[in-house]
Undergrad: 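Have a look at the structure that comes next, please.
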Amino acid sequence: MAGIFLTLALGLAGCMGGGPGATLTVGAEGFEPTEVTVDAGKSFDLEVVNDTKAVQTVTVEGRPGLRVLPGETSQRQIDSLAAGDHKVTLEGAPFEATVRAEE
């Protein structure tokens, strides 16, 4: 019985963000870091930390935006990206970052 529980628990953990990831922080001066690297052709978890006092919406080139409340952290799985650089934007602000997908 314990073996079945452990197998199910580990399987669920893998579905809930246990994979590769990238973290960006939004602050008064923009993104930090301004570039993160992920594996091309593989989905990844994008974590965004909002160090501002306003709601921020972060978008990775062509993907749905991730809305992050002030002082909070949010996460979204991003479908695989082709090799190359992909722009990350902050809604209503001139700040940008780059997700570099490498093979």
Side-chain angles (χ1 to χ4, degrees):
M1 194 59 100
I4 293 171
F5 175 76
L6 185 58
T7 301
L8 288 173
L10 290 173
L12 287 175
C15 294
M16 296 175 66
T23 300
L24 292 171
T25 299
V26 178
E29 301 297 317
F31 289 104
E32 183 63 38
T34 57
E35 184 178 299
V36 293
T37 303
V38 299
D39 292 333
K42 295 183 180 178
S43 64
F44 64 96
D45 293 328
L46 175 66
E47 181 178 78
V48 177
V49 179
N50 183 354
D51 275 348
T52 72
K53 294 182 180 182
V55 174
Q56 303 293 344
T57 302
V58 175
T59 304
V60 177
E61 194 174 277
R63 305 306 199 272
L66 176 60
R67 188 169 185 251
V68 189
L69 298 175
E72 298 287 325
T73 299
S74 290
Q75 181 175 305
R76 167 172 289 149
Q77 186 173 33
I78 303 294
D79 290 335
S80 62
L81 298 173
D85 290 347
H86 302 272
K87 191 184 309 185
V88 180
T89 57
L90 186 59
E91 185 177 281
F95 304 121
E96 293 182 359
T98 301
V99 173
R100 176 165 287 149
E102 294 182 343
E103 293 184 15

Undergrad: Can you get from Phe95 to Leu46 by hopping between Ile, Leu, Val, Met, Phe, Trp and Tyr side chains that sit under 4.5 Å apart?
TA: yes

Undergrad: Can you see which heavy atom on Ala97 is nearest to which on Pro33, and at what distance?
TA: CB-O, 4.3 Å

Undergrad: Determine, stepwise, if the pair Val88 / Val58 fulfils side-chain contact (heavy atoms from CB on, under 4.5 Å).
TA: CA-CA 7 Å; Val88 180; Val58 175; 3.5 Å; yes

Undergrad: Any side-chain heavy atom of Val55 within less than 4.5 Å of one from Pro70?
TA: yes

Undergrad: What is the distance from atom OG of Ser80 to atom CG of Asp39, rounded to the nearest 0.5 Å?
TA: 11.0 Å

Undergrad: Just how far is it from atom CD of Gln56 to atom OG1 of Thr25, taken to the nearest 0.5 Å?
TA: 12.0 Å

Undergrad: Run the side-chain contact (heavy atoms from CB on, under 4.5 Å) test on Leu69 and Asn50 for me, step by step, so that the C-alpha distance in whole Å, both residues' side-chain angles and the decisive distance to 0.1 Å come before the verdict.
TA: CA-CA 7 Å; Leu69 298 175; Asn50 183 354; 5.8 Å; no

Undergrad: Report the distance from atom OG1 of Thr57 to atom CG of Leu90, rounding to the nearest 0.5 Å.
TA: 8.0 Å

Undergrad: Could you state the interatomic distance from CZ (Arg76) to CZ (Arg63), rounded to the nearest 0.5 Å?
TA: 11.5 Å

Undergrad: Check step by step if side-chain contact (heavy atoms from CB on, under 4.5 Å) holds for Phe31 and Val26.
TA: CA-CA 5 Å; Phe31 289 104; Val26 178; 3.7 Å; yes

Undergrad: For residues Glu102 and Thr37, is any side-chain donor paired with an opposing acceptor at under 3.5 Å?
TA: no

Undergrad: Give, for atom CD of Glu61 and atom CG of Leu81, the distance between the pair rounded to the nearest 0.5 Å.
TA: 7.5 Å

Undergrad: When rounded to the nearest 0.5 angstrom, what is the spacing between CG in Leu66 and CD in Glu47?
TA: 10.0 Å

Undergrad: Using side chain to side chain contact (heavy atoms under 4.5 Å, CB included) as the criterion, point out the one residue from Val60, Val36, Val68 that pairs with Leu24.
TA: Val36

Undergrad: Backbone N or O of Arg100 within a donor-acceptor pair of the Thr98 side chain at under 3.5 Å?
TA: no

